[in-house]
Number of protein chains: 2
Amino acid sequence: MNVPDSRNVICTVDVVLLCLKAGSLHVALLRRDHNPYAGVLALPGGFVRPELDQNTSDAAVRMLREKAGLESPYLEQLATFSGQARDPRGWSVSIAYYALVPPDLLDLTAQPDVTLVPVDVPRALPFDHREIIAAAVERVRSKSTYSSLPVYLCGERFTLPQLQTVYESLLGESLNKVSFRRKMDELDILEPIQGEMETGRANRPAQYYRLKAGYRDQLSLCNRGLSSS
Amino acid sequence: MNVPDSRNVICTVDVVLLCLKAGSLHVALLRRDHNPYAGVLALPGGFVRPELDQNTSDAAVRMLREKAGLESPYLEQLATFSGQARDPRGWSVSIAYYALVPPDLLDLTAQPDVTLVPVDVPRALPFDHREIIAAAVERVRSKSTYSSLPVYLCGERFTLPQLQTVYESLLGESLNKVSFRRKMDELDILEPIQGEMETGRANRPAQYYRLKAGYRDQLSLCNRGLSSS
DNA sequence: TTTGCTTAGTATAGAATTTAGACAAAGCTA
DNA sequence: TAGCTTTGTCTAAATTCTATACTAAGCAAA
């Protein structure tokens with residue numbers, strides 16, 4: 001009667017690692033090194049290890065470090081997926097996280113096991129990983145309509161036209177330049193980097209910006225959203 | 001190496017059952033009938049039972065039925081809480097759900113074990129239940145700024161002034177009547193109940209509305225949010 | 001060196017949306 | 001029947017958003 005069948009539940013953590021490549025959202029997949037599905041591309045993930053992890057968020061950080069060799073600037077719990085059918089080993093829960101990284105942080109030459117796959121191209125995946133990825137993409141696109149989330153897909157510094165392009169590729173629609181700049185200004189999370197301009201192109205140089213110090217780990221929300229629809 | 005220490009993880013589900021009482025949000029607590037914390041007020045919850053539950057959502061439905069004796073019109077996964085310290089029995093995860101019910105669905109005389117407690121009055125609770133409740137309240141208030149969520153706190157039928165009052169008590173600010181009605185109209189999820197008016201008060205009777213048939217289990221989102229701030 | 005091209009960044013006017021206030025509608029009470 | 005109250009709608013003013021135009025500034029080619 002005391003601690004019954006819940007001992008039969010397998011407890012794992014999976015991470016949806018997202019970044020922009022060639023203007024579209026990609027997810028990082030790894031070839032699994034053991035059964036089930038050994039050799040198959042899947043989300044980085046694994047068992048929660050109580051002796052190593054203070055909580056599941058720690059476990060997600062550990063997965064990213066061990067399997068993709070990086071510390072993500074943005075990591076958020078997505079949802080928990082559960083049931084009998086999703087894992088052939090038995091009734092399981094997977095606490096899913098998603099991470100956003102700028103492209104330069106994912107050094108694919110140093111991590112030859114990692115494969116970047118466009119999220120919008122349907123593909124068979126083991127477990128319910130396709131569903132988990134779909135939920136993460138949905139969450140990112142939704143949050144991009146009213147928050148500063150996409151900033152985490154940019155590097156340390158970026159120009160406003162670059163940032164606008166990132167928003168536009170996530171939202172799948174073009175944004176009004178004046179409105180976009182007004183809203184970034186209202187968010188009040190960016191600061192120009194004095195004297196640093198994007199040069200080398202045949203036009204007026206664009207100002208480089210960076211996140212203000214206090215906003216490294218904290219989202220900012222717009223009052224009225226960014227897109228028109 | 002195969003299925004390691006994750007067997008040592010305790011897997012539970014907790015439900016934050018919310019309703020409006022006297023114009024403010026209340027959470028339903030139950031007196032625990034076994035250790036740890038036997039006799040203490042806590043969230044309805046319990047172990048996931050793989051032989052009974054298809055998934056954790058089923059488990060949450062079961063908790064509501066067994067412990068509070070009701071079927072909630074709205075149930076959504078909130079987040080998963082985890083770690084060594086939150087449960088004296090050991091490293092645990094709790095997949096938390098939240099439910100919204102109209103006041104008349106919670107028959108406290110038939111369920112004498114259930115206690116309704118205002119969410120804004122701080123109170124010591126076992127486990128990390130205070131944190132879980134805070135997250136649920138935060139989620140409900142946040143979603144109320146841009147969605148039809150508060151409708152689930154009303155009964156089968158309600159007038160627009162009643163619904164506006166529900167929004168206002170959740171958001172903690174008064175809303176513009178014209179804007180509120182325009183946005184409810186844009187959501188296009190309510191229909192007037194022909195001929196049914198709220199009578200018995202010393203003023204012009206208000207029209208009763210209900211959710212349109214297709215929207216019983218589905219949220220609708222505003223383009224631009226409801227509140228002004 | 002100069003001309004032309006391209007994109008950055010800003011100003012402005014017109015369009016669209018939101019809000020505050022006014023007011024008629026309609027039932028209850030006295 | 002008069003007066004009170006809240007519902008539901010209309011309208012004008014305030015605010016916000018968008019399209020367009022225009023200057024800024026660097027590169028490339030003549």
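Residue numbers begin at 1 in each chain, while the letters A, B, ... track the order of the sequences.
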>> Between F180(B) and R201(B), which residue's closest nucleotide on DNA chain C lies nearer the 5′ terminus?
In response: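 By nearest-heavy-atom nucleotide position, the 5'-most residue is F180(B).
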Looking at [options], which one has an atom nearest to any side-chain atom of [X]?
{"X": "K177(A)", "options": "dT18(D), dT7(D), dG9(C)", "answer": "dG9(C)"}
{"X": "A206(B)", "options": "dT7(D), dT19(C), dA11(C)", "answer": "dT7(D)"}
{"X": "R224(A)", "options": "dG9(C), dA20(C), dT18(C)", "answer": "dT18(C)"}
{"X": "N176(A)", "options": "dT19(C), dA19(D), dT7(D)", "answer": "dA19(D)"}
{"X": "R181(B)", "options": "dG27(C), dT5(D), dG8(D)", "answer": "dG8(D)"}
{"X": "A202(B)", "options": "dT6(D), dG21(C), dC28(C)", "answer": "dC28(C)"}
{"X": "P205(B)", "options": "dA26(C), dT7(D), dA24(D)", "answer": "dA26(C)"}

Roughly how many Å is it from [atom1] in [X] to [atom2] in [N], rounded to a whole number?
{"X": "Q162(B)", "N": "dT6(D)", "atom1": "CD", "atom2": "P", "result": "14 Å"}
{"X": "Q207(B)", "N": "dT6(D)", "atom1": "CD", "atom2": "P", "result": "20 Å"}
{"X": "M197(B)", "N": "dC28(C)", "atom1": "CE", "atom2": "P", "result": "11 Å"}
{"X": "L175(B)", "N": "dT18(C)", "atom1": "CG", "atom2": "P", "result": "13 Å"}
{"X": "M184(B)", "N": "dT9(D)", "atom1": "CE", "atom2": "P", "result": "15 Å"}
{"X": "D185(A)", "N": "dC17(D)", "atom1": "CG", "atom2": "C1'", "result": "15 Å"}
{"X": "L163(A)", "N": "dT7(C)", "atom1": "CG", "atom2": "P", "result": "19 Å"}
{"X": "E198(B)", "N": "dA26(C)", "atom1": "CD", "atom2": "P", "result": "17 Å"}

>> Using heavy-atom distances to pick each residue's nearest nucleotide on DNA chain D, tell me which of P161(B) and E186(A) is more 5'.
In response: P161(B)
>> Restricting to non-hydrogen atoms, name the atom on A59(B) and the atom on D53(B) that form the minimum distance, rounded to 0.1 Å.
In response: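 Nearest pair, atom of A59(B) first, then D53(B): CB-OD2, 3.4 Å.
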>> Looking at every non-hydrogen atom in both residues, tell me the closest pair between F127(B) and R32(B) and how far apart they are.
In response: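 Between these two residues, the closest heavy atoms are CE1-NH1, 3.5 Å.
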> Side chains of V48(A) and T12(A): closer than 4.5 Å at any heavy-atom pair?
Replying inline: no
>> If we ignore hydrogens and angles and just use 3.5 Å, is the side chain of T115(A) paired with the main-chain N or O of A28(A) as donor and acceptor?
In response: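 No; judged by distance alone, with no hydrogens or angles, the pair does not exist.
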>> Any base atoms under 4.0 Å from R182(B), or only sugar-phosphate, or nothing? Heavy atoms, all strands.
In response: base
>> What's the separation between atom OH in Y98(A) and atom OG in S72(A), rounded to the nearest 0.5 Å?
In response: 10.5 Å
> Taking OP1 and OP2 of dT18(C), is either one under 4.0 Å from a side-chain nitrogen or oxygen of S179(B)?
Replying inline: no
>> For a quick test of reading the model: is some side-chain N or O of N203(A) closer than 4.0 Å to OP1 or OP2 of dC5(C)?
In response: no
